[in-house]
Amino acid sequence: MRAASSASDVNGFCTWLPLSLGLMRAEVTEPQPGSRVMVARLLDLLFIRALRFWAASGRQADPG
């Protein structure tokens, strides 16, 4: 498994995000059998990408 590089990951994220949001919009506005599962999986993917992006940034959260 490759480690995310900041430049390529940002570019990949920028092209991947609009596609994901478009798919999600289609599933929500025109539901079909399996739409709930599709939306759930797309949200999972978006969450994982956000975690990878945060991890690659090297920033640590300040404890509250």
Side-chain angles (χ1 to χ4, degrees):
M1 211 157 147
R2 78 170 175 83
S5 67
S6 59
S8 64
D9 193 40
V10 169
N11 292 337
F13 189 76
C14 291
T15 58
W16 188 82
L17 183 60
L19 175 61
S20 299
L21 294 177
L23 288 170
M24 190 174 306
R25 185 181 312 116
E27 294 295 334
V28 170
T29 59
E30 299 175 23
Q32 297 179 20
S35 286
R36 293 172 83 180
V37 174
M38 285 287 291
V39 169
R41 296 305 177 260
L42 286 167
L43 288 172
D44 289 344
L45 292 171
L46 289 170
F47 181 70
I48 291 167
R49 292 291 291 197
L51 285 177
R52 287 179 177 174
F53 186 77
W54 173 77
S57 75
R59 289 194 248 170
Q60 296 293 322
D62 293 326

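Please read all numbers here as calculations on a predicted model, not as lab measurements. No hydrogens, no waters, no symmetry mates; every other heavy atom, side chains included, goes into these values.
- A single hydrophobic cluster is seen to contain both L23 and V39, as judged by linkage of ILVMFWY side chains at heavy-atom distances under 4.5 Å, directly or through other members.
- Hydrophobic clustering, with ILVMFWY side chains joined whenever heavy atoms are under 4.5 angstrom apart, groups W16 together with L21.
- Residues F53 and F47 are members of separate hydrophobic clusters, defined by side-chain heavy-atom contacts under 4.5 angstrom among Ile, Leu, Val, Met, Phe, Trp and Tyr.
- Note on L17: it clusters hydrophobically with V28, by side-chain heavy-atom contacts below 4.5 Å among ILVMFWY residues.
- Between L46 and S20, the closest side-chain pair of non-hydrogen atoms falls below 4.5 Å.
- Between L43 and M24, the shortest heavy-atom contact is CD2-CE, 3.7 Å.
- For the atom pair CH2 of W54 and CG of L51, the computed distance is 8.0 Å after rounding to the nearest 0.5 Å.
- Nearest heavy-atom pair across S35 and E30 is OG-O, 4.4 Å.
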